[in-house]
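From a predicted model like this one, the values you see are computed outputs, not experimental measurements. Index from 1, following the sequence.
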Amino acid sequence: MIRARPKYGDTEKIVGRFIDWPANKIQTLDCLGGVKNMITHRNNAPVPYIDLTWTAPNVSVGDIEFVISFVEEFTIFWVDEIVELSAVEIVDEPPTEELSPTFEIIDWSACGNSKGCFLYPRTCSGHDCYAAVTFKTTNDTVEFEMFGSQEGYVSVGFSEDVHMGNDETITCTTGGSKHAIQRGYNHEELYNERQLKYGLFDIQGTYSDGRLYCRYKRPLSMFVYIGEGHKAKHYYDLSEEFYLMLAWGPIYHGTEVMGIHKVLPLISSQKVNFQSHGIVRGSSLPLLTQTHGALMLIGWMWLVCLATIVARHFKQGFKNKEACGSKIWFQIHRTLTILTWLLTVASFILIFVVVDGLTELAEVHSYLGITVMSASTIQVAMGLLRPKPGSQMRTIFNWGHWFLGKSTIIIAAVTFFFAFNNEIIPQPQTYFANIVLGVYVGIQVLWELWFEISKKFVSRNHSEQYKLKDMSKKSNGRSIGKKLDDDYVNPSSSTPTPDKSLCLYIISMIIMTAAALASIFIF
């Protein structure tokens, strides 16, 4: 690729045009409003050299540099090689606005009062945010301030919808002590094309304490070049409302070139009025993806865990009362299990059919989710086809049902960790979710141990009561018979009534599920 630019001033410009080139190897491009002002290869045929003819613009722009990138073979290439061409006459041009390293501290107290702010996460108020952008309109100018918690770049986008593509972007970059600002355009194919930054002014930038800051002003209305050959312009007029997007990522070492941001961009919850002074919130996860996660968390952190606890430890509870022909404990267990399965089905359909394509971004999580869906379906089918009591297959069913159920719950918990520990999830969300999930697993294990110990203690207590009663009946010379006293409970039975422990367990799981839901919806 070869282009000509001014050596001084606005080096983003592409000047002049090519008028002759070897057509068997070279093709021309029309870039940023110009005509045949850049050339590139037509094919991969090797050539020892190429002859080109370039003509200068009608108005002198001073000394010229040709910027050249070329490939020798796949792993050997040169980027931004410079060839200088001195002009006979040098004319003065208005200087291009450069980024000043002097940066005034952002006044976060003005958010919601004299300027609007887009803050992330939802609970932050300014300096404690992970990333933020502020805006303030004065006459026909909008001043923006933005920061991100990393070296590399932070970029704001103006979009007519909540999807990336067809968006104007303004990006601040830093690499050590070198700062820069650039405009760009997100194509539908989801790559960012750098555009001229002409029009931005009062530019400041710095990198301090692990954060990249910048401030700049732009006219209300600016355009970007779009389409093949940059023949068309698309205007972004901030007197209208747009969704705000905020993204951050790395830059290539020693350059101002942005790398792909792996973290999903933040998108405002509604379109932003840039003449207002409101505080705007948003999320990196689309609503459908959030709904998918919420359904799974409710089902596998709360409902199914309660179903297993009731089945394991409270079969003799509820005073052995029945409902609809079955004991209450079984009705609770069956209802919660089927409800969890239905939530899993709905979540599965939502993410794989409606959202479509998230598998490629979170493969391990997706495969584990498919495993949970499959195992829970088998579990429900086994429950419907369970052998009758007393059947030789009943014991095998009981052990298989228990093992598959426990295994599926463990896999679901692992699936949650993989969901939040994904490179597309912002760091604050991952950190918060890991704490919540870790506490949840610990509490669940402690409750399981508590119920097991309680059951053993109650069984031993009742066993001792049985022995005392048996001795008493024998001393009276009577047989105990087949029927025991009403207050006797079989030594191998479960806790006889849903005591305070079960109520506390339910409350603790509701709290942990709510905290897990917060890890989805506040980020």
Side-chain angles (χ1 to χ4, degrees), residues 121-122 283-312 314 329 331-355 358 362 365-366 368-380 383 404-422 425 429-430 432-448 451 498 502-523:
R122 292 180 182 272
S283 174
S284 62
L285 294 175
L287 180 59
L288 292 177
T289 304
Q290 290 177 323
T291 305
H292 158 79
L295 294 176
M296 294 296 281
L297 288 173
I298 293 171
W300 290 96
M301 279 187 68
W302 181 31
L303 298 181
V304 81
C305 290
L306 178 58
T308 57
I309 290 295
V310 169
R312 171 70 175 166
F314 294 93
W329 77 264
Q331 294 289 23
I332 294 175
H333 174 75
R334 179 167 58 184
T335 300
L336 294 179
T337 301
I338 293 176
L339 183 57
T340 299
W341 179 75
L342 291 175
L343 291 176
T344 306
V345 171
S347 177
F348 189 89
I349 294 173
L350 190 65
I351 203 67
F352 284 97
V353 178
V354 179
V355 175
L358 194 64
H365 170 72
S366 299
L368 290 173
I370 293 172
T371 303
V372 170
M373 177 74 249
S374 303
S376 61
T377 301
I378 295 172
Q379 187 78 323
V380 170
L404 183 59
K406 280 294 182 185
S407 300
T408 308
I409 291 174
I410 293 172
I411 295 173
V414 175
T415 305
F416 292 146
F417 278 100
F418 273 99
F420 289 105
N421 287 269
N422 191 300
I425 302 297
Q429 189 170 17
T430 297
F432 182 84
N434 281 340
I435 293 175
V436 172
L437 293 175
V439 173
Y440 155 71
V441 170
I443 290 178
Q444 181 66 32
V445 170
L446 290 175
W447 273 117
E448 293 274 3
F451 285 124
L502 180 58
C503 297
L504 290 174
Y505 171 77
I506 294 173
I507 293 172
S508 64
M509 287 299 103
I510 290 176
I511 293 173
M512 293 311 305
T513 304
L517 292 175
S519 67
I520 294 179
F521 290 103
I522 69 174
F523 292 95

| Interatomic spacing from OG1 in Thr408 to CD1 in Ile378 - rounded to 0.5 Å | 8.5 Å

| Taking all non-hydrogen atoms of both residues, which atom of Ala516 and which atom of Val436 are closest, and how far apart? | N-CG1, 3.6 Å

| said: Quick one, Leu285 and Ile425 - any side-chain contact, counting heavy atoms below 4.5 Å? | reply: yes

Which pairs would a plain distance check flag for residues 293-305, meaning a side-chain donor or acceptor within less than 3.5 Å of a matching protein atom at least two apart in sequence or in another chain?
unit_1, atom_1, unit_2, atom_2, d
Trp300, NE1, Thr344, OG1, 2.8

| request: Tell me, please, which residues at least two apart from Thr335 pass side chain to side chain donor-acceptor pair (under 3.5 Å). | output: none

| query | For Ser283 and Gln290, does a side-chain donor sit closer than 3.5 Å to a side-chain acceptor? | reply | yes

| request: Quick one: list whatever passes ring-ring contact (aromatic ring centres under 6.0 Å, His included) with Phe417, sequence neighbours left out. | output: none

| remark: Taken in chain and number order and not counting sequence neighbours, the residues that satisfy side-chain contact (heavy atoms from CB on, under 4.5 Å) with Ser374 are Ile370

| field | Pairs flagged by side chain to side chain donor-acceptor pair (under 3.5 Å) wherever residues 434-443 is involved - sequence neighbours left out | value | Asn421-Asn434

Run the side-chain donor-acceptor check on residues 502-515: report pairs under 3.5 Å with partners two or more places apart or on a different chain.
unit_1, atom_1, unit_2, atom_2, d
Tyr505, OH, Gln444, OE1, 3.0
Tyr505, OH, Gln444, NE2, 3.3
Ser508, OG, Trp447, NE1, 3.1
Ser508, OG, Leu504, O, 3.3
Ser508, OG, Tyr505, O, 2.7
Thr513, OG1, Met509, O, 2.7

| task | Check side chain to side chain donor-acceptor pair (under 3.5 Å) between Thr415 and all other residues, then give those that pass, not counting sequence neighbours. | result | none

| query | Is there a side-chain contact between Phe416 and His365 (heavy atoms, below 4.5 Å)? | reply | no

| request: Please round to the nearest 0.5 Å and tell me the distance separating atom CD1 of Ile411 and atom CZ of Phe418. | output: 12.0 Å

| Quick one: does Lys406's side chain get under 4.5 Å of Arg312's, heavy atoms only? | no

| request: Give, for atom CD of Gln429 and atom CD1 of Ile522, the distance between the pair rounded to the nearest 0.5 Å. | output: 8.5 Å

| Short question: side chain of Ser407, backbone of Leu404 - any donor-acceptor pair under 3.5 Å? | no

| query | Could you state the interatomic distance from CD1 (Ile351) to OG (Ser366), rounded to the nearest 0.5 Å? | reply | 8.0 Å

| query | Thr340: what forms a side chain to side chain donor-acceptor pair (under 3.5 Å) with it, not counting sequence neighbours? | reply | none

| Atom CG in Leu343, atom CG in Leu336: separation rounded to 0.5 Å? | 10.5 Å

| query | After noting the C-alpha distance and the side-chain angles of Val372 and Leu368, does the key distance pass the side-chain contact (heavy atoms from CB on, under 4.5 Å) rule? | reply | CA-CA 6 Å; Val372 170; Leu368 290 173; 5.6 Å; no

| request: Sorted by first residue and then second, give each salt bridge (Lys or Arg N to Asp or Glu O under 4.0 Å) pair with at least one member in residues 286-295; sequence neighbours left out. | output: none

| query | Taking only residues two or more places apart in sequence or in another chain, which ones pass ring-ring contact (aromatic ring centres under 6.0 Å, His included) with Phe432? | reply | Phe523

| said: To the closest 0.5 Å, what do you measure between CG (Leu350) and OG1 (Thr291)? | reply: 6.0 Å

